[in-house]
Amino acid sequence: MDGCWLLLLGALLLLLPPLLLMEAFGALRFRLKIISYCALCVLLSALAVPVCLLKSGGRSADNMSVVRAFGRVMKYVYGMRFEVKGLENFNIEGPCVVISNHQSVLDMMGLFEILPDRCVQIAKKELLYAGPAGIVAYLAGVVYINRKRTSDAKSIMAEVAQTMLKENLKVWVYPEGTRNNNGDLLPFKKGAFHLAIQAQVPIIPVVYASYHTFYNQSRNLFRTGKIKVEVLPRVETKDLMEENASELTEKCYTMMRETFFQLSNKADETRGSVLAAQ
Ligand SMILES: CCCCC/C=C\C/C=C\CCCCCCCC(=O)SCCNC(=O)CCNC(=O)[C@H](O)C(C)(C)COP(=O)(O)OP(=O)(O)OC[C@H]1O[C@@H](n2cnc3c(N)ncnc32)[C@H](O)[C@@H]1OP(=O)(O)O
Ligand SMILES: CCCCCCCC/C=C\CCCCCCCC(=O)OC[C@@H](O)COP(=O)(O)O
(Lines give C-alpha, C1' and ligand atoms only; values in the text may rest on other atoms or scores of the structure.)
(Ligands and ions follow the chains in the order given, each with its own letter.)
Protein backbone atom coordinates (compact mmCIF):
# COMPACT_ATOMS: atom_id res chain seq x y z
CA MET A 1 0.00 0.00 0.00
CA ASP A 2 2.90 2.31 0.94
CA GLY A 3 4.37 1.60 -2.49
CA CYS A 4 1.09 2.70 -4.13
CA TRP A 5 1.11 6.02 -2.25
CA LEU A 6 4.75 6.55 -3.17
CA LEU A 7 3.96 5.86 -6.84
CA LEU A 8 1.04 8.30 -6.73
CA LEU A 9 3.18 10.96 -5.06
CA GLY A 10 5.92 10.40 -7.63
CA ALA A 11 3.43 10.77 -10.48
CA LEU A 12 2.06 13.97 -8.95
CA LEU A 13 5.56 15.39 -8.53
CA LEU A 14 6.31 14.52 -12.14
CA LEU A 15 3.10 16.16 -13.36
CA LEU A 16 3.49 19.31 -11.31
CA PRO A 17 6.28 21.02 -13.33
CA PRO A 18 4.54 20.60 -16.74
CA LEU A 19 1.24 21.83 -15.20
CA LEU A 20 2.97 24.86 -13.70
CA LEU A 21 4.73 25.45 -17.00
CA MET A 22 1.41 25.29 -18.88
CA GLU A 23 -0.12 27.79 -16.42
CA ALA A 24 2.86 30.11 -16.75
CA PHE A 25 2.75 29.71 -20.53
CA GLY A 26 -1.00 30.60 -20.53
CA ALA A 27 -0.31 33.75 -18.50
CA LEU A 28 2.60 34.67 -20.75
CA ARG A 29 0.55 34.10 -23.92
CA PHE A 30 -2.28 36.27 -22.51
CA ARG A 31 0.13 39.07 -21.62
CA LEU A 32 1.85 38.93 -24.99
CA LYS A 33 -1.51 39.14 -26.75
CA ILE A 34 -2.55 42.21 -24.71
CA ILE A 35 0.85 43.82 -25.33
CA SER A 36 0.53 43.12 -29.06
CA TYR A 37 -2.99 44.63 -29.00
CA CYS A 38 -1.73 47.83 -27.35
CA ALA A 39 1.26 47.92 -29.72
CA LEU A 40 -1.12 47.63 -32.69
CA CYS A 41 -3.22 50.52 -31.25
CA VAL A 42 -0.05 52.61 -31.00
CA LEU A 43 1.13 51.63 -34.50
CA LEU A 44 -2.24 52.36 -36.12
CA SER A 45 -2.38 55.65 -34.21
CA ALA A 46 1.08 56.62 -35.50
CA LEU A 47 -0.14 55.96 -39.05
CA ALA A 48 -3.38 57.88 -38.46
CA VAL A 49 -1.70 61.02 -37.01
CA PRO A 50 -0.35 62.38 -40.34
CA VAL A 51 -3.65 61.54 -42.09
CA CYS A 52 -5.56 63.54 -39.44
CA LEU A 53 -3.13 66.45 -39.78
CA LEU A 54 -3.48 66.43 -43.58
CA LYS A 55 -7.28 66.17 -43.34
CA SER A 56 -7.98 68.91 -40.81
CA GLY A 57 -4.67 70.62 -40.01
CA GLY A 58 -5.18 70.10 -36.27
CA ARG A 59 -7.75 69.05 -33.64
CA SER A 60 -11.19 68.36 -35.15
CA ALA A 61 -14.06 65.92 -34.54
CA ASP A 62 -13.93 65.20 -38.30
CA ASN A 63 -10.67 63.35 -37.64
CA MET A 64 -12.61 60.73 -35.65
CA SER A 65 -13.69 59.16 -38.97
CA VAL A 66 -9.99 58.66 -39.81
CA VAL A 67 -9.35 57.08 -36.39
CA ARG A 68 -12.44 54.88 -36.86
CA ALA A 69 -11.22 53.65 -40.27
CA PHE A 70 -7.75 52.76 -38.92
CA GLY A 71 -9.24 51.35 -35.70
CA ARG A 72 -11.48 48.92 -37.60
CA VAL A 73 -8.37 47.01 -38.72
CA MET A 74 -8.01 45.61 -35.17
CA LYS A 75 -11.11 43.39 -35.27
CA TYR A 76 -9.68 41.46 -38.25
CA VAL A 77 -6.34 40.92 -36.54
CA TYR A 78 -7.98 39.64 -33.31
CA GLY A 79 -10.85 37.71 -34.95
CA MET A 80 -13.69 39.68 -33.33
CA ARG A 81 -17.12 39.67 -34.97
CA PHE A 82 -20.01 41.92 -34.04
CA GLU A 83 -23.75 41.36 -34.14
CA VAL A 84 -25.34 44.81 -33.87
CA LYS A 85 -29.00 45.58 -33.19
CA GLY A 86 -30.71 48.98 -33.17
CA LEU A 87 -28.14 50.93 -35.18
CA GLU A 88 -31.03 53.05 -36.54
CA ASN A 89 -31.35 54.58 -33.05
CA PHE A 90 -28.25 56.65 -33.86
CA ASN A 91 -30.16 58.37 -36.69
CA ILE A 92 -31.08 61.52 -34.86
CA GLU A 93 -30.65 65.11 -35.90
CA GLY A 94 -28.25 67.06 -33.71
CA PRO A 95 -26.14 66.29 -30.67
CA CYS A 96 -26.68 63.59 -28.07
CA VAL A 97 -24.83 61.80 -25.27
CA VAL A 98 -23.99 58.14 -25.97
CA ILE A 99 -23.38 55.96 -22.91
CA SER A 100 -22.01 52.42 -22.92
CA ASN A 101 -20.56 49.78 -20.62
CA HIS A 102 -16.75 49.48 -20.45
CA GLN A 103 -15.24 46.00 -20.00
CA SER A 104 -11.66 46.23 -21.18
CA VAL A 105 -9.18 47.76 -23.57
CA LEU A 106 -10.80 45.52 -26.25
CA ASP A 107 -13.77 47.96 -26.18
CA MET A 108 -11.89 50.04 -28.75
CA MET A 109 -12.93 47.46 -31.41
CA GLY A 110 -16.59 47.64 -30.37
CA LEU A 111 -16.42 51.44 -30.26
CA PHE A 112 -15.06 51.79 -33.79
CA GLU A 113 -17.54 49.19 -35.12
CA ILE A 114 -20.56 51.45 -34.48
CA LEU A 115 -19.15 54.93 -33.78
CA PRO A 116 -21.39 57.55 -35.43
CA ASP A 117 -19.90 60.54 -37.28
CA ARG A 118 -18.70 63.52 -35.22
CA CYS A 119 -18.79 61.57 -31.98
CA VAL A 120 -16.01 62.21 -29.44
CA GLN A 121 -15.29 60.40 -26.19
CA ILE A 122 -14.61 61.54 -22.65
CA ALA A 123 -11.36 59.89 -21.52
CA LYS A 124 -9.17 59.85 -18.41
CA LYS A 125 -6.28 62.31 -18.77
CA GLU A 126 -3.65 59.56 -18.37
CA LEU A 127 -4.49 58.34 -21.92
CA LEU A 128 -3.15 61.61 -23.34
CA TYR A 129 0.32 60.28 -22.48
CA ALA A 130 -0.14 56.96 -24.34
CA GLY A 131 2.22 58.11 -27.10
CA PRO A 132 0.71 58.26 -30.60
CA ALA A 133 -2.62 56.86 -29.28
CA GLY A 134 -2.97 59.85 -26.94
CA ILE A 135 -2.02 62.25 -29.72
CA VAL A 136 -4.41 60.80 -32.29
CA ALA A 137 -7.25 60.77 -29.76
CA TYR A 138 -6.51 64.45 -28.99
CA LEU A 139 -6.47 65.30 -32.72
CA ALA A 140 -9.85 63.56 -33.10
CA GLY A 141 -11.42 65.71 -30.38
CA VAL A 142 -11.34 63.36 -27.36
CA VAL A 143 -11.96 65.34 -24.16
CA TYR A 144 -9.59 64.49 -21.33
CA ILE A 145 -10.71 64.75 -17.70
CA ASN A 146 -8.99 64.32 -14.35
CA ARG A 147 -11.16 61.76 -12.54
CA LYS A 148 -9.43 62.51 -9.25
CA ARG A 149 -10.56 66.15 -9.28
CA THR A 150 -14.36 66.12 -9.47
CA SER A 151 -14.65 69.93 -9.65
CA ASP A 152 -12.23 70.14 -12.63
CA ALA A 153 -14.03 67.25 -14.38
CA LYS A 154 -17.38 68.94 -13.77
CA SER A 155 -16.26 72.25 -15.25
CA ILE A 156 -14.78 70.52 -18.32
CA MET A 157 -18.07 68.62 -18.78
CA ALA A 158 -19.97 71.95 -18.50
CA GLU A 159 -17.80 73.34 -21.33
CA VAL A 160 -18.51 70.18 -23.34
CA ALA A 161 -22.26 70.84 -22.95
CA GLN A 162 -21.76 74.20 -24.70
CA THR A 163 -19.36 72.89 -27.36
CA MET A 164 -21.54 69.93 -28.35
CA LEU A 165 -24.41 72.29 -29.13
CA LYS A 166 -22.23 74.82 -30.94
CA GLU A 167 -20.36 72.22 -33.01
CA ASN A 168 -23.12 69.61 -33.41
CA LEU A 169 -21.22 66.83 -31.63
CA LYS A 170 -22.21 63.52 -30.15
CA VAL A 171 -20.32 62.74 -26.92
CA TRP A 172 -19.57 59.15 -25.87
CA VAL A 173 -19.21 58.58 -22.11
CA TYR A 174 -18.41 55.38 -20.22
CA PRO A 175 -20.55 56.07 -17.14
CA GLU A 176 -18.97 53.26 -15.10
CA GLY A 177 -15.88 55.52 -15.15
CA THR A 178 -13.43 52.60 -15.33
CA ARG A 179 -12.98 49.19 -17.00
CA ASN A 180 -15.04 46.43 -15.43
CA ASN A 181 -15.03 42.77 -16.49
CA ASN A 182 -16.87 41.29 -13.49
CA GLY A 183 -19.95 40.06 -15.41
CA ASP A 184 -22.15 42.96 -14.23
CA LEU A 185 -22.27 46.74 -14.61
CA LEU A 186 -20.69 48.99 -11.97
CA PRO A 187 -22.95 51.71 -10.53
CA PHE A 188 -22.97 54.68 -12.89
CA LYS A 189 -21.21 58.00 -12.24
CA LYS A 190 -23.45 60.98 -12.88
CA GLY A 191 -21.34 63.13 -15.25
CA ALA A 192 -22.97 61.87 -18.49
CA PHE A 193 -26.46 62.56 -17.14
CA HIS A 194 -25.64 66.08 -15.94
CA LEU A 195 -24.09 66.68 -19.36
CA ALA A 196 -27.23 65.56 -21.21
CA ILE A 197 -29.47 67.63 -18.91
CA GLN A 198 -27.28 70.73 -19.19
CA ALA A 199 -27.25 70.49 -23.00
CA GLN A 200 -30.91 69.32 -23.09
CA VAL A 201 -29.98 66.54 -25.52
CA PRO A 202 -31.13 62.91 -25.62
CA ILE A 203 -29.12 59.99 -24.26
CA ILE A 204 -28.50 56.94 -26.43
CA PRO A 205 -27.59 53.87 -24.35
CA VAL A 206 -25.38 51.22 -25.98
CA VAL A 207 -24.82 47.81 -24.43
CA TYR A 208 -22.07 45.30 -25.25
CA ALA A 209 -22.63 41.70 -24.07
CA SER A 210 -20.24 40.22 -21.54
CA TYR A 211 -16.90 39.12 -23.00
CA HIS A 212 -16.62 36.22 -20.53
CA THR A 213 -16.77 33.46 -23.18
CA PHE A 214 -13.67 34.75 -25.02
CA TYR A 215 -11.91 37.25 -22.74
CA ASN A 216 -11.15 36.91 -19.06
CA GLN A 217 -8.08 38.39 -17.45
CA SER A 218 -8.22 36.18 -14.35
CA ARG A 219 -8.34 33.02 -16.52
CA ASN A 220 -5.74 34.30 -19.03
CA LEU A 221 -8.39 33.90 -21.71
CA PHE A 222 -8.20 35.98 -24.90
CA ARG A 223 -9.64 34.17 -27.92
CA THR A 224 -11.56 35.15 -31.03
CA GLY A 225 -15.26 35.71 -30.46
CA LYS A 226 -18.59 37.26 -31.35
CA ILE A 227 -19.82 40.34 -29.48
CA LYS A 228 -23.51 41.17 -29.35
CA VAL A 229 -24.21 44.90 -29.26
CA GLU A 230 -27.50 46.72 -28.86
CA VAL A 231 -28.13 50.43 -29.45
CA LEU A 232 -31.21 51.26 -27.36
CA PRO A 233 -33.86 53.89 -28.19
CA ARG A 234 -33.06 57.41 -27.07
CA VAL A 235 -33.93 58.62 -23.56
CA GLU A 236 -35.24 62.19 -23.69
CA THR A 237 -33.96 64.81 -21.23
CA LYS A 238 -36.05 67.76 -22.42
CA ASP A 239 -37.30 69.84 -19.46
CA LEU A 240 -35.30 67.76 -16.94
CA MET A 241 -33.35 69.79 -14.36
CA GLU A 242 -30.17 69.19 -12.36
CA GLU A 243 -32.18 67.63 -9.51
CA ASN A 244 -33.42 64.93 -11.92
CA ALA A 245 -29.86 63.67 -12.65
CA SER A 246 -29.94 60.84 -10.09
CA GLU A 247 -33.31 59.57 -11.27
CA LEU A 248 -32.14 59.68 -14.92
CA THR A 249 -28.92 57.85 -13.97
CA GLU A 250 -30.95 55.11 -12.25
CA LYS A 251 -33.36 54.78 -15.19
CA CYS A 252 -30.54 54.33 -17.74
CA TYR A 253 -28.61 51.99 -15.42
CA THR A 254 -31.61 49.68 -14.93
CA MET A 255 -32.38 49.61 -18.65
CA MET A 256 -28.78 48.90 -19.66
CA ARG A 257 -28.25 46.29 -16.97
CA GLU A 258 -31.32 44.35 -18.09
CA THR A 259 -30.11 44.48 -21.69
CA PHE A 260 -26.62 43.44 -20.59
CA PHE A 261 -27.98 40.30 -18.91
CA GLN A 262 -30.21 39.50 -21.89
CA LEU A 263 -27.39 39.90 -24.42
CA SER A 264 -25.00 37.91 -22.23
CA ASN A 265 -27.56 35.09 -21.75
CA LYS A 266 -27.34 35.67 -18.03
CA ALA A 267 -30.02 36.01 -15.42
CA ASP A 268 -29.99 38.96 -13.03
CA GLU A 269 -28.17 37.49 -10.04
CA THR A 270 -29.56 40.15 -7.68
CA ARG A 271 -33.02 38.63 -8.23
CA GLY A 272 -31.72 35.32 -6.98
CA SER A 273 -31.61 33.63 -10.38
CA VAL A 274 -28.79 31.52 -11.66
CA LEU A 275 -26.58 31.85 -14.68
CA ALA A 276 -28.36 30.54 -17.73
CA ALA A 277 -26.49 27.96 -19.78
CA GLN A 278 -24.34 29.47 -22.53
C1 LIG B 1 -6.06 54.64 -35.03
C2 LIG B 1 -6.28 53.46 -34.17
C3 LIG B 1 -6.59 53.84 -32.83
C4 LIG B 1 -6.46 52.84 -31.79
C5 LIG B 1 -6.81 53.43 -30.45
C6 LIG B 1 -6.12 54.69 -30.19
C7 LIG B 1 -6.68 55.77 -29.72
C8 LIG B 1 -8.10 55.86 -29.35
C9 LIG B 1 -8.77 57.02 -30.01
C10 LIG B 1 -9.99 57.37 -29.76
C11 LIG B 1 -10.89 56.66 -28.81
C12 LIG B 1 -10.73 57.14 -27.41
C13 LIG B 1 -11.52 56.28 -26.47
C14 LIG B 1 -11.20 56.66 -25.10
C15 LIG B 1 -11.92 55.79 -24.10
C16 LIG B 1 -11.62 56.28 -22.76
C17 LIG B 1 -12.36 55.57 -21.69
C18 LIG B 1 -12.08 56.18 -20.35
O19 LIG B 1 -11.10 56.84 -20.13
S20 LIG B 1 -13.25 55.88 -19.11
C21 LIG B 1 -12.70 56.94 -17.80
C22 LIG B 1 -12.99 58.37 -18.01
N23 LIG B 1 -14.38 58.69 -18.13
C24 LIG B 1 -15.18 58.95 -17.09
O25 LIG B 1 -14.78 58.89 -15.94
C26 LIG B 1 -16.62 59.34 -17.37
C27 LIG B 1 -17.54 58.90 -16.30
N28 LIG B 1 -17.34 59.66 -15.07
C29 LIG B 1 -18.14 60.69 -14.69
O30 LIG B 1 -18.99 61.07 -15.46
C31 LIG B 1 -17.96 61.28 -13.31
O32 LIG B 1 -19.22 61.68 -12.84
C33 LIG B 1 -16.99 62.51 -13.21
C34 LIG B 1 -17.48 63.67 -14.03
C35 LIG B 1 -15.61 62.07 -13.70
C36 LIG B 1 -16.88 62.91 -11.73
O37 LIG B 1 -16.41 61.85 -10.98
P38 LIG B 1 -16.94 61.46 -9.51
O39 LIG B 1 -16.29 60.19 -9.11
O40 LIG B 1 -16.74 62.59 -8.61
O41 LIG B 1 -18.45 61.20 -9.90
P42 LIG B 1 -19.90 61.25 -9.30
O43 LIG B 1 -20.72 60.84 -10.43
O44 LIG B 1 -19.98 60.47 -8.05
O45 LIG B 1 -20.20 62.79 -8.97
C46 LIG B 1 -19.95 63.43 -7.73
C47 LIG B 1 -20.97 64.54 -7.52
O48 LIG B 1 -20.86 65.51 -8.55
C49 LIG B 1 -22.09 65.63 -9.28
N50 LIG B 1 -21.73 65.82 -10.70
C51 LIG B 1 -21.04 64.98 -11.49
N52 LIG B 1 -20.87 65.51 -12.71
C53 LIG B 1 -21.46 66.71 -12.68
C54 LIG B 1 -21.63 67.73 -13.66
N55 LIG B 1 -21.14 67.59 -14.91
N56 LIG B 1 -22.29 68.83 -13.29
C57 LIG B 1 -22.82 68.97 -12.06
N58 LIG B 1 -22.67 68.03 -11.08
C59 LIG B 1 -22.02 66.93 -11.40
C60 LIG B 1 -22.84 64.33 -9.04
O61 LIG B 1 -24.22 64.51 -9.16
C62 LIG B 1 -22.41 64.02 -7.61
O63 LIG B 1 -23.15 64.77 -6.70
P64 LIG B 1 -24.39 64.11 -5.89
O65 LIG B 1 -23.86 62.89 -5.24
O66 LIG B 1 -24.79 65.19 -4.94
O67 LIG B 1 -25.45 63.82 -6.90
C1 LIG C 1 6.25 57.17 -27.16
C2 LIG C 1 5.69 56.60 -25.89
C3 LIG C 1 4.83 55.41 -26.16
C4 LIG C 1 4.05 55.05 -24.93
C5 LIG C 1 3.14 53.92 -25.25
C6 LIG C 1 2.27 53.65 -24.05
C7 LIG C 1 1.47 52.39 -24.23
C8 LIG C 1 0.15 52.66 -24.81
C9 LIG C 1 -0.79 51.61 -24.44
C10 LIG C 1 -1.94 51.50 -25.00
C11 LIG C 1 -2.44 52.35 -26.09
C12 LIG C 1 -3.81 51.98 -26.46
C13 LIG C 1 -4.80 52.90 -25.85
C14 LIG C 1 -6.14 52.59 -26.36
C15 LIG C 1 -7.18 53.31 -25.59
C16 LIG C 1 -7.70 52.47 -24.44
C17 LIG C 1 -8.93 52.99 -23.80
C18 LIG C 1 -9.17 52.31 -22.50
O19 LIG C 1 -9.69 51.25 -22.41
O20 LIG C 1 -8.73 53.02 -21.44
C21 LIG C 1 -9.04 52.58 -20.14
C22 LIG C 1 -9.81 53.65 -19.44
O23 LIG C 1 -10.95 53.86 -20.13
C24 LIG C 1 -10.21 53.33 -18.02
O25 LIG C 1 -9.07 53.09 -17.34
P26 LIG C 1 -9.07 52.28 -15.94
O27 LIG C 1 -9.84 51.02 -16.14
O28 LIG C 1 -9.71 53.16 -14.89
O29 LIG C 1 -7.61 52.06 -15.68
Side-chain angles (χ1 to χ4, degrees), residues 34-52 59 61 63-75 77-78 97-113 115 119-162 164 171-182 186-199 203 208 217 241-250 252-253:
I34 290 290
I35 290 171
S36 76
Y37 176 86
C38 290
L40 182 63
C41 281
V42 170
L43 174 70
L44 289 169
S45 301
L47 296 174
V49 166
V51 183
C52 289
R59 180 167 155 94
N63 285 332
M64 196 51 89
S65 57
V66 175
V67 175
R68 183 179 60 194
F70 276 89
R72 280 185 181 166
V73 170
M74 293 190 293
K75 74 170 180 184
V77 177
Y78 290 92
V97 173
V98 182
I99 53 172
S100 78
N101 54 319
H102 192 15
Q103 298 181 65
S104 83
V105 75
L106 303 192
D107 290 342
M108 291 303 102
M109 289 183 278
L111 172 75
F112 296 130
E113 181 70 14
L115 189 68
C119 183
V120 301
Q121 301 79 22
I122 303 284
K124 60 175 185 179
K125 74 165 182 26
E126 291 81 352
L127 286 177
L128 181 57
Y129 309 109
I135 296 169
V136 86
Y138 174 81
L139 287 175
V142 167
V143 177
Y144 292 102
I145 55 164
N146 185 348
R147 293 179 295 184
K148 292 179 199 115
R149 300 180 74 138
T150 307
S151 61
D152 288 2
K154 283 202 288 200
S155 59
I156 287 180
M157 301 279 272
E159 274 174 39
V160 173
Q162 306 283 325
M164 67 190 291
V171 179
W172 189 299
V173 186
Y174 292 100
E176 290 169 282
T178 188
R179 286 164 290 173
N180 163 48
N181 194 218
N182 75 356
L186 292 178
F188 284 176
K189 305 273 185 184
K190 295 181 188 156
F193 308 93
H194 280 288
L195 174 63
I197 290 174
Q198 281 162 14
I203 294 175
Y208 294 87
Q217 197 166 357
M241 321 253 259
E242 194 176 331
E243 57 266 31
N244 302 118
S246 298
E247 199 184 311
L248 180 65
T249 307
E250 204 48 46
C252 293
Y253 178 75

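In each ligand, atom 1 is the first atom listed, and ligand 1 is the first ligand listed. On a predicted model such as this, the values are computed, not experimentally measured, just so you know.
- In this structure, Ile34 CD1 and Leu106 CG are separated by 5.5 Å, a value rounded to the nearest 0.5 Å.
- Of all protein heavy atoms, the one lying nearest to atom 13 (C) of ligand 2 is Ala133 CB, 4.2 Å.
- Taking only non-hydrogen atoms, the option from Ala130, Ala46, Gly71 nearest to atom 6 (C) of ligand 2 is Ala130.
- Which of Glu126, Lys124, Gln121, Gln103 comes nearest to atom 25 (O) of ligand 2 through a heavy atom is settled by distance: it is Lys124.
- Note on ring orientation: taking the six-membered ring where Trp is involved, the planes of Tyr37 and Tyr78 are perpendicular (angle over 60°, cut-offs 30° and 60°).
- A distance of 10.0 Å separates CG in Leu111 from CZ in Arg68, rounded to the nearest 0.5 Å.
- Inter-residue side-chain proximity for Ile203 and Leu248 is flagged as met; some heavy-atom pair is nearer than 4.5 Å.
- In this structure, CG in Leu47 is found 11.0 Å from SG in Cys52, a value given to the nearest 0.5 Å.
- Shown in contact with Val105 at under 4.0 Å from a heavy atom are these atoms of ligand 2, numbered in order with element: 16 (C), 19 (O).
- Of the candidates Tyr174, Trp172, Tyr37, Phe70, it is Tyr174 that places a heavy atom closest to atom 27 (C) of ligand 1.
- In terms of protein heavy-atom proximity, atom 21 (C) of ligand 2 is closest to Arg179 NE, 3.5 Å.
- Ring orientation note: the planes of Phe188 and Tyr253 are nearly perpendicular, at an angle over 60° on the 30°/60° scale.
- In this structure, the separation between OG1 on Thr150 and NZ on Lys189 is 7.5 Å, given to the nearest 0.5 Å.
- Ranking the protein heavy atoms by distance from atom 9 (C) of ligand 2 puts Cys38 CB, 4.0 Å first.
- Counting heavy atoms only, His194 comes closest to atom 54 (C) of ligand 1 of the residues His194, His102, Arg149, Lys125.
- Of the candidates Gly131, Pro132, Cys41, it is Cys41 that places a heavy atom closest to atom 12 (C) of ligand 2.
- Exactly one of Val143, Val98, Val173, Leu115 qualifies for a side chain to side chain contact (heavy atoms under 4.5 Å, CB included) with Gln121. That residue is Leu115.
- Between Phe193 and Asn244 there is no side-chain heavy-atom pair separated by less than 4.5 Å.
- At a heavy-atom cutoff of 4.0 Å, ligand 1 is contacted by the side chain of Ile145 but not by its backbone.
- Within a 6.0 Å sphere centred on CZ of Phe70, heavy atoms belonging to other residues, nucleotides or ligands number more than 12.
- Regarding atom 2 (C) of ligand 1, its nearest protein heavy-atom neighbour is Leu44 CB, 3.7 Å.
- The proximity of Arg147 to ligand 2, defined as any non-hydrogen pair under 4.0 Å, is limited to the side chain.
- Counting only heavy atoms of the protein, atom 22 (C) of ligand 1 lies nearest to Lys124 N, 3.5 Å.
- Closest to atom 28 (O) of ligand 2, if we only count protein heavy atoms, is Thr178 OG1, 2.6 Å.
- Atoms of ligand 2 found under 4.0 Å from any heavy atom of Met108, numbered from 1 in the order shown, are 15 (C), 17 (C).
- Residue contacts with ligand 1 for Val173 involve side-chain atoms from C-beta outward but no N, CA, C or O (heavy atoms, distance under 4.0 Å).
- For atom 40 (O) of ligand 1, the nearest protein heavy atom lies closer than 4.0 Å.
- Counting heavy atoms closer than 4.0 Å to ligand 1, residue Leu127 contributes side-chain atoms (C-beta onward) but none from N, CA, C or O.
- What sits closest to atom 7 (C) of ligand 2 on the protein, heavy atoms only, is Val42 CG2, 4.4 Å.
- For Glu126, the CD atom is densely surrounded, since the number of other residues' heavy atoms within 6.0 Å is greater than 12.
- Given atom 45 (O) of ligand 1, the protein heavy atom at minimum distance is Thr150 CG2, 4.5 Å.
- Taking 4.0 Å as the cut-off, Ser45 counts as a neighbour of ligand 1 on heavy-atom distance.
- Between the Arg59 side chain and the Tyr138 main chain, a donor and an acceptor come within less than 3.5 Å of each other.
- Looking only at distances, a side-chain donor or acceptor of Arg72 sits under 3.5 Å from a matching main-chain atom of Glu113.
- Neither the backbone nor the side chain of Asp107 comes within 4.0 Å of ligand 2, counting heavy atoms alone.
- At the shortest separation from atom 32 (O) of ligand 1 among protein heavy atoms lies Gly191 N, 3.0 Å.
- With rounding to the nearest 0.5 angstrom, the SG atom of Cys38 is 12.5 Å from the CG atom of Leu43.
- Of the protein's non-hydrogen atoms, the one nearest atom 16 (C) of ligand 1 is Ala123 CB, 3.6 Å.
- Expressed to the nearest 0.5 Å, how far CG of Asp107 lies from CG of Asn181 amounts to 9.0 Å.
- Nearest non-hydrogen protein atom to atom 20 (O) of ligand 2 is Leu127 CD1, 3.7 Å.
- The protein atom (non-hydrogen) at minimum distance from atom 23 (N) of ligand 1 is Ile122 O, 3.9 Å.
- Distances from atom 25 (O) of ligand 1 to the protein include at least one heavy-atom value under 4.0 Å.
- At a heavy-atom distance under 4.0 Å, only side-chain atoms of His102, from C-beta outward, approach ligand 2.
- Across Met157, Lys190, Gln198, Lys154, heavy-atom proximity to atom 50 (N) of ligand 1 is greatest for Lys154.
- Of the possible polar contacts, none joining the Asp152 side chain to the Asn146 backbone as a donor-acceptor pair under 3.5 Å is found.
- Atoms of ligand 1 lying under 4.0 Å from any heavy atom of Arg147, numbered from 1 in the order shown and given with element: 21 (C), 22 (C), 25 (O).
- Inter-residue side-chain proximity for Cys119 and Met64 is flagged as unmet; no heavy-atom pair is nearer than 4.5 Å.
- Looking at atom 9 (C) of ligand 1, its nearest protein heavy atom turns out to be Ala137 CB, 3.7 Å.
- When Ala153, Ala196, Ala133 are ranked by how near their heavy atoms come to atom 33 (C) of ligand 1, first place goes to Ala153.
- Numbered from 1 in the order shown, with element, the atoms of ligand 1 that lie under 4.0 Å from a heavy atom of Lys189 read 28 (N), 29 (C), 30 (O), 31 (C), 32 (O), 39 (O), 41 (O), 43 (O).
- Residue, atom and distance of the protein heavy atom nearest to atom 11 (C) of ligand 1 are Gln121 OE1, 3.5 Å.
- Residues Lys75 and Met109 share a closest heavy-atom pair of CA-SD, 3.6 Å.
- Surrounding CZ of Arg149 are at most 12 heavy atoms belonging to other residues, nucleotides or ligands under 6.0 Å away.
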